[in-house]
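What follows is a set of notes on a single structure, which appears directly below.
Here is the naming used below: chain letters follow the sequence lines, and residue numbers restart at 1 for every chain. In this text the structure is predicted, and so the values were computed from the model without any measurement.
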There are 2 protein chains.
Amino acid sequence: MGITLKELAQSLRLSPTTVSRALNGYPEVSEATRWRVIDAARRLNYRPNTRAKGLATGRAQAIGHVIPVTDRHEIVNPVFADFIAGAGETYARAGYDMVLSVVDDDEETQVYRDLVARGTVDGLIVHAPRQRDPRIPLLTELGVPFVVHGRATGTQVPYSWLDINNHRGFRRATAFLLELGHRRIALLNGLEELDFAIRRRRGYADALAEHGIVADPALMASGEMTETNARRAARAMLTLDRPPTAFLASSMILGIGLRHALWEAGLEPGRDVSVIVHDDELSYLGNDDGVPFFTATRSSVREAGRLCGEMLLDLMADPGRAPLTRLMEVDLTLGRSTGPCPTAPRASA
Amino acid sequence: MGITLKELAQSLRLSPTTVSRALNGYPEVSEATRWRVIDAARRLNYRPNTRAKGLATGRAQAIGHVIPVTDRHEIVNPVFADFIAGAGETYARAGYDMVLSVVDDDEETQVYRDLVARGTVDGLIVHAPRQRDPRIPLLTELGVPFVVHGRATGTQVPYSWLDINNHRGFRRATAFLLELGHRRIALLNGLEELDFAIRRRRGYADALAEHGIVADPALMASGEMTETNARRAARAMLTLDRPPTAFLASSMILGIGLRHALWEAGLEPGRDVSVIVHDDELSYLGNDDGVPFFTATRSSVREAGRLCGEMLLDLMADPGRAPLTRLMEVDLTLGRSTGPCPTAPRASA
DNA sequence: TCGCGACCCCAAACCGCTTTGGGCACGCCG
DNA sequence: CGGCGTGCCCAAAGCGGTTTGGGGTCGCGA
């Protein structure tokens, strides 16, 4: 579409070599020439062709994100939007492109192989890791730099990851509910094939265990994180003989479905029932209108995207380096959805 | 990373020419040879290098999506996730990659120029068109195939687009509320710089006008489509001297914020107040648990993504062709959030 | 037997950039 | 004055594919 380097060179009566060097900041050209070149390039709106440059340098200047679409349900996780926005900011600053593949679970490994073998990307972000996720050994074997957003329990080889402290966050949240006197605490979790959901469940169970409570399977739901699923699960739990007095929900969306179910049952969050959600700080689901509605474990997934991007760029700058890891702590922010357990005996003050 | 064409050719004792032709289905090679080549390619896991192929053919085999992030608010529109999932499916089937740029409003034109001049993409999807959107003349001038998701009121030049019938949808929804006896109908809309919001507002106003009602500015809110904004706007409207008895909300998220405000005010949707939302059928916000909660104008944005992708591919296949346009009708599906106006005089049966 | 298409295959040019390996001119030093 | 850096610039060789323009072999008809 645009003008070519050779044409630019001709118009300046210079060789392509010199023009290339001038534009890329090499010292072998005089400052006067460099200036002429840069000026002409701007005037003629010259931009180096991505493919040609990539072919010559061996780098694609692009990062791949493979976002899985769970086969049966066809759910697109809404946190991807914010994560990708964050990562995109980082890439833009560094002059990298982002290439996205939306792909069924079962074609996943093929797509990774493809992206790497065709040289479409220089690095990859792995989303939504599962237990012993096969993508990690695969990418390690392929020798392409990658960063996992999350971790994969049970993986032996070292790898780079950025995760939030799901275990501690949910343990704290559960402990907080226990301190408020709650004993019947329910967990509305994501799919427990996914690593984050496993860790959250453990944090929850560990906190209960510390109080001598065994987690009740009837109070634990796991599934795609949709509003409908949460509403349905909560509704079922509320009809139990001994219904929960408090809920933990793994996402704002689940929290919204839960809230829906509570109101349908005539229960007021914060008074009749306590609720803590995990808040990814999605831009369109702010929980912060003055005092937050939901008490929440909170961590910005957009910031996670930014940081994952930076880690990957660092990794690519020095492929031999040891894996990078980063664990972000999550805040527990108080909202209006939690309160003392109404059925509990008053705590001795 | 992978094996190269030349290497593959050597291992077969053939020339690169023949191997290339065998793999690309040209008739100049014997079927026996073709088979040998294909077999070896699979065995050795050969994939043509994207950049080299692109350089040779002049095509990038990639489509660009520029997703704007409104400068001040930093909102990432959650419908992008589903739209992109849809488009991604189409691209994957056709062997195209998708490159995403997340970019501030103000750098937008630069980014488009860049993507085209660098030859990173062969075609573009334009998201979230505004009135007289400058991107449309720009891309037309650049001569790159593109499809707009939505339309841009006030644009003179013809261009390709796929839109839903926002005007008719909101007019019908408003008319439906009017038939139920509502006269004070509020509109919670998206940013009215955006084309879809303009059309929805017009549909709403037109329906009111047909009943001799002038839209009351106090009943129209417009802003980023976040839960918080909706809740705040609804709360304010409910404290008016003559509060609305019905609401139209431009998205599920707004509907959720609205529902929140209603419940806080002790009002039950469907009985005390009627609510119609626009439902993009986001995968994680299903409105379909048996009978839908919200009465809604409904249209799958994921399907829109699929179709936009197909239109663009068609357009690229024959760049000379006239612009393609497609208007999708929206359904009005009945849920439990609408009912007769409680304060209206009984309609004569 | 010879000529002529088919049928297969190959060498080489090209896509647009980077990068290696000089080459020329000038100034400086011995 | 000759030699030698040094500062600037260029020609040409890739990168890994596609595509153009032959070229050899074989079978068939005259």
Interatomic distance, [X] [atom1] vs [N] [atom2] [rounded to whole Å]:
X	N	atom1	atom2	answer
Arg118(B)	dT18(C)	CZ	P	13 Å
Arg13(A)	dC9(D)	CZ	C1'	16 Å
Arg47(B)	dT18(D)	CZ	C1'	20 Å
Arg36(B)	dC9(C)	CZ	C1'	12 Å
Leu23(B)	dG16(D)	CG	P	16 Å

Examine [N]: is either OP1 or OP2 under 4.0 Å from a nitrogen or oxygen in the side chain of [X]? Give yes or no.
X	N	answer
Thr4(B)	dG17(D)	yes
Asn49(B)	dC15(D)	no
Tyr26(A)	dC9(D)	no
Lys53(A)	dT18(C)	yes
Thr17(A)	dC10(D)	no
Thr18(B)	dC10(C)	yes

### Task
For residues Gln61(A) and Asp122(A), report the shortest heavy-atom separation together with the two atoms involved.
N-OD2, 2.6 Å

### Task
In plain terms, say whether Arg130(A) and Glu193(A) are close enough for a salt bridge, that is, a side-chain N and a carboxylate O under 4.0 Å apart.
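Looking at Arg130(A) and Glu193(A), the cut-off is not met.
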
### Result of checking Asp163(A), Asp133(A), Asp195(A) against Arg151(A) for salt bridge (charged side-chain N to carboxylate O under 4.0 Å, His left out)
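One option only clears the test, and that one is Asp163(A).
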
#### Entry: Check: Arg306(B) side chain, Glu89(B) main-chain N or O, donor-acceptor pair, under 3.5 Å
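No, because the side chain of Arg306(B) does not come within donor-acceptor range (under 3.5 Å) of the backbone of Glu89(B).
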
### Message
Let's test your reading of the model: under 3.5 Å, does the base of dT19(D) pair with the side chain of Ser20(B) as donor and acceptor?
### Response
no

### Query
Counting any heavy atom closer than 4.0 Å, what does Ser30(B) reach on the DNA or RNA strands: base, sugar-phosphate only, or nothing?
sugar-phosphate

### Message
In the structure I gave you, are the side-chain heavy atoms of Thr325(A) and Leu162(A) within less than 4.5 Å of one another anywhere?
### Response
no

### Message
Let me spell it out: for each of Arg51(B) and Glu28(B), pick the nucleotide of DNA chain D with the closest heavy atom. Which residue's pick is nearer the 5' end?
### Response
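The 5'-side residue here is Arg51(B).
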
